[in-house]
Amino acid sequence: MNNSTTTASDINVVEIELSRPTFIIYICFGILGVVGNGIVLFVIARVKELRDTTNLLIANQSLIDFTSSLLLMALFVAPLPPLPRNNQLLASFLCGFWYTQYPFWATFPATVINLAILTTERYLAVVKPLRYRFKMKRRNAVLVFLIPWISGFLYMSYLPFLTRVDDFLCFQFLWLSEIMQPVVGICTFVIFFFLPFAAMITMYGHIVVALRRQDAAFSSKLKGGVHQSRDYRNVARRNIIKTMMLLCISYAVCWAPNQILYLFYCLGGYVDFNGLVYYVTVCVGFINMWTNPFIYTLQYRKFQLGLTTAFAWRQKPPGVHHGAVSTGTEIKQISSQEQLSS
């Protein structure tokens, strides 16, 4: 978590002063996140073959990262609005909502919850296909789409209540009791970091076992040219599962240092929030906002084809349209193979 403050008499007073390298890094990360995730959203919106349950959840992940990137520039890079001297209500709102970077940090639990939902969706599709077909309808996906956002903003809503405006200064992290600080730190680490990834690792383990059992079953039953169909189906389902695993690993690697540091702080350890170590953990965490589009582009075959289709209109020759159609057909073939594998 971020806490761009300095301590004065055991009270945290907002005093944000980014160094020039940090300022430049934040801007670059924000731009990369907006452009990269914007392209992902554009491709999924433009290519109708990508509007299945899995890709809607991927679009939700990109929307969260896109929002995080915008908020990074708005809350960390742009100058803080001054607290008004003649409006205490507005000053309290700015202190609790804006100065704490509450909207940005609400996207942290939203991200991990959406990753957990993505993993669960793939788990049900491979390990429990009958239940998946019965429950995972597109309208249900729309409802699931909202869960990460609601959960993130609800959980992080404690931040504004830890602030106070006094003498036109914004004081934050004024813990309501001695027990609240360690409880918040432990809950944040366990609920939104340790437990989700333990669950995801467990589900991916079951997925791998299920895929091996299915391979063994196919090997004993299928012969001759049918093996080629089986191999194509395996490639389709393994490709998307590998992509989802890379998303989870990327998130865990990027955010683990900052989460461990925040837990250490909440348990009473000293953390210099203007120090090099702290800013390194924050910058490493921010990397996760723009890495996912690269993972999709380099790893996810279905998105690669969608990317080609989405930008085919930029090419003038009429023959390109035939290529776009064939690409769209290949996306449909991959989708049908994924459904068969479920």
- Contacts of type side-chain hydrogen bond (donor to acceptor under 3.5 Å, both in side chains), residue T163, not counting sequence neighbours: none
- Looking at F193 versus W255, is the centre-to-centre ring distance below 6.0 Å? no
- Hits for side chain to side chain contact (heavy atoms under 4.5 Å, CB included) against A252, two or more places apart or cross-chain, chain-then-number order -> F197
- Taken in chain and number order and not counting sequence neighbours, the residues that satisfy ring pair (Phe, Tyr, Trp, His ring centres under 6.0 Å) with F161 are none
Donor-acceptor contacts under 3.5 Å from residues 62-81 side chains, at least two apart:
{"residue": "S62", "atom": "OG", "partner": "I58", "partner atom": "O", "Å": "3.4"}
{"residue": "D65", "atom": "OD2", "partner": "N292", "partner atom": "ND2", "Å": "3.0"}
{"residue": "T67", "atom": "OG1", "partner": "L63", "partner atom": "O", "Å": "2.8"}
{"residue": "S68", "atom": "OG", "partner": "I64", "partner atom": "O", "Å": "2.9"}
{"residue": "S68", "atom": "OG", "partner": "T107", "partner atom": "OG1", "Å": "2.9"}
{"residue": "S69", "atom": "OG", "partner": "D65", "partner atom": "O", "Å": "2.8"}

- Message: Checking I186 now: which residues fulfil side chain to side chain contact (heavy atoms under 4.5 Å, CB included) with it, not counting sequence neighbours?
- Response: V190, L263, L267
- Taking only residues two or more places apart in sequence or in another chain, which ones pass ring pair (Phe, Tyr, Trp, His ring centres under 6.0 Å) with Y123? none
- Item | Closest heavy-atom pair and its distance - V127, H206 | CG2-O, 3.9 Å
- Apply side chain to side chain contact (heavy atoms under 4.5 Å, CB included) to V277 and list each qualifying residue two or more places apart in sequence or on a separate chain. none
- Message: Once side-chain hydrogen bond (donor to acceptor under 3.5 Å, both in side chains) is applied, do any residues pair with Y102, and if so which ones, sequence neighbours excluded?
- Response: none
- Query: In chain order, what residues pass the side-chain hydrogen bond (donor to acceptor under 3.5 Å, both in side chains) check against Q299, with sequence neighbours excluded?
  - Reply: none
- Item | Residues forming a ring pair (Phe, Tyr, Trp, His ring centres under 6.0 Å) with Y204, sequence neighbours excluded | none
- Task: For L307, enumerate each residue passing the side chain to side chain contact (heavy atoms under 4.5 Å, CB included) test, keeping only those at least two apart in sequence or located in another chain.
- Result: I39, V43, T297, F303, F311
- Taking the six-membered ring for Trp, are F286 and W105 parallel (under 30°), tilted (30 to 60°) or perpendicular (over 60°)? tilted
- Message: Please confirm whether the ring centroid of Y155 lies under 6.0 Å from the ring centroid of F192.
- Response: yes
- Item | Atom pair NZ/OG1 of K302 and T54 - distance to nearest 0.5 Å | 7.0 Å
- Task: Decide if the gap between the ring center of Y270 and the ring center of Y265 is smaller than 6.0 angstrom.
- Result: no
- Go through the structure and list residues passing side-chain hydrogen bond (donor to acceptor under 3.5 Å, both in side chains) with W149, not counting sequence neighbours. N60
- Task: Quick one: pull up CG in L90 and CZ in R85 and give me the separation to the nearest 0.5 Å.
- Result: 14.0 Å
